[in-house]
Amino acid sequence: MDGRILFLPGDGVGPEVLREARRVLEAIEEIYGHRFEIIEGAMGARAIDRFGDPLPEETRRLTSGVDAVLLGAVGFAAEPVHGETIDPARGLLELRQLLGNYANIRPIAVGDAIVAGSPFRADHVRGVDLVIVREVLGGIYYGLPRGIEDGVAYDTEIYSEGEIRRIARAAFELARTRRKKVTSIDKANVLESSVFWRAIVGDVAREYRDIEFSSMLVDNCAMQLISNPRQFDVVLTNNMFGDILSDEAAVLVGSLGMLPSASVGGEVGLYEPVHGTAPDIAGQGIANPVGAILSVAMMLELTFALTEEANAVHDGVGRVLRDGHATADLAAASASGRAPVSTEGMGELIVRALSAGDRG
Ligand code: IPM
Ligand code: MN
């Protein structure tokens, strides 16, 4: 298999975690005899410094010649450019738009290997296996009008029927490959946009009689994710609710650093760890690269249909964690008593586990 991948390391811990993701990808190349050409582009705060734009024209152009994009993180505090403050996160919103990736997939699973890293009792979270399917091209993130003027500020939550149908279908299709259950999240007791969302999703559900379907209010979901997380299989959300609930759900696995994500629906898939730039620990070599490495696994599976290779990455990560190795964000909660490993150390262990798995 030949492939071309655009790496966008971005800011903060982004470059550190992508370095390890790259090593894992290179190990996969070597073991399975693939060739991935990796090109790099500028994005985020550093791109603002150099080009005055968080998603420069040159980077936009690079996306058209690749099969997939792997992103580290963007979103360091904005610096004023020509007197105007540009938020690096805007680059990410524009990138999702440019690629047309409306479905953001965020799997959250507490396997035996990581159950000790969770702040919850093992018998409460063992076996949690859910996926948040978050709409990421619409809603209040992009809705117009928006603005701040004359002492008022406003944003607009807006969804068309077509936008709701396509993300709902993505969720139901995914559920068919899993435990066949979809929970759609809304605030239909208050918001018109949610009343509409609930009606359209309900309509799509009728095309999927084999899937167990229900709607849940977002505030209740926030509680249920903690009190009874095993009930969830596929959680379907709009843009903003999914942003919030996925950070919350990350606590189940012990660290936001563990979570990968994929944004799909367009021609070129976008893969990124769910965590941000983590400025408080950037440059120290202690960030958790597992979210980035599992994002590589999602890319192998969803863009390149290399299921065996994707599983190998998962197994490698699982083996390392089961042996009690973990970065500082998890080690505190781990029962192993081992000292925390560095970002690079974690990458190294996972690469070694991959090679060992290959021989074994
Ligand atoms: C995420 C991030 C982004 C989002 C930000 C950086 C724009 O929080 O991917 O969850 O809100 O979508
Ligand atoms: Mn977020």
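Note that ligands are numbered from 1 as they come in the structure, with each ligand's atoms numbered from 1 the same way. For reference, positions follow the sequence shown, starting with 1. The structure presented is a predicted model; accordingly, all values stated were derived computationally and were not measured.
Assignment of Arg90 to the shell around ligand 1 is not supported, since no heavy atom sits closer than 4.0 Å.
What sits closest to atom 11 (O) of ligand 1 on the protein, heavy atoms only, is Tyr141 OH, 3.0 Å. Considering only non-hydrogen protein atoms, atom 5 (C) of ligand 1 sits nearest to Leu92 CD2, 4.3 Å. With hydrogens left out, the protein atom closest to atom 2 (C) of ligand 1 is Asp243 OD1, 4.1 Å, a heavy atom. Nearest protein heavy-atom contact of atom 4 (C) of ligand 1 is Arg134 NH2, 3.6 Å.
When distances from the Mn ion (ligand 2) to the N, O or S atoms of Asp243 are compared, OD1 comes out shortest.
Not a single N or O atom of Asn239, backbone or side chain, sits closer than 3.5 Å to an N or O atom of ligand 1.
Looking at Glu272, Met240, Arg106, His275 and measuring to atom 9 (O) of ligand 1, the nearest heavy atom belongs to Arg106.
When all heavy atoms of Pro88 and Pro54 are compared, the closest pair comes out as O-CB, 3.7 Å.
For the pair Arg230 and Phe120, the cation does not sit on the ring face, since its NZ or CZ is not both under 6.0 Å from the ring centre and inside 45° of the axis.
Ring geometry for Phe36 against His34 counts as tilted: the plane angle lies between 30° and 60°, on a 0 to 90° scale.
Using a 4.0 Å cut-off between charged side-chain N and carboxylate O, Glu344 and Arg19 make no salt bridge. Under a 4.0 Å N-O distance rule, the pair Asp210/Lys180 does not qualify as a salt bridge.
The Mn ion (ligand 2) has no N, O or S atom of Asp247 under 2.8 Å away, backbone or side chain.
A side-chain donor-acceptor contact under 3.5 Å links Asp243 and Tyr141.
Considering only heavy atoms from C-beta on, Phe7 comes within 4.5 Å of Arg22 through its side chain.
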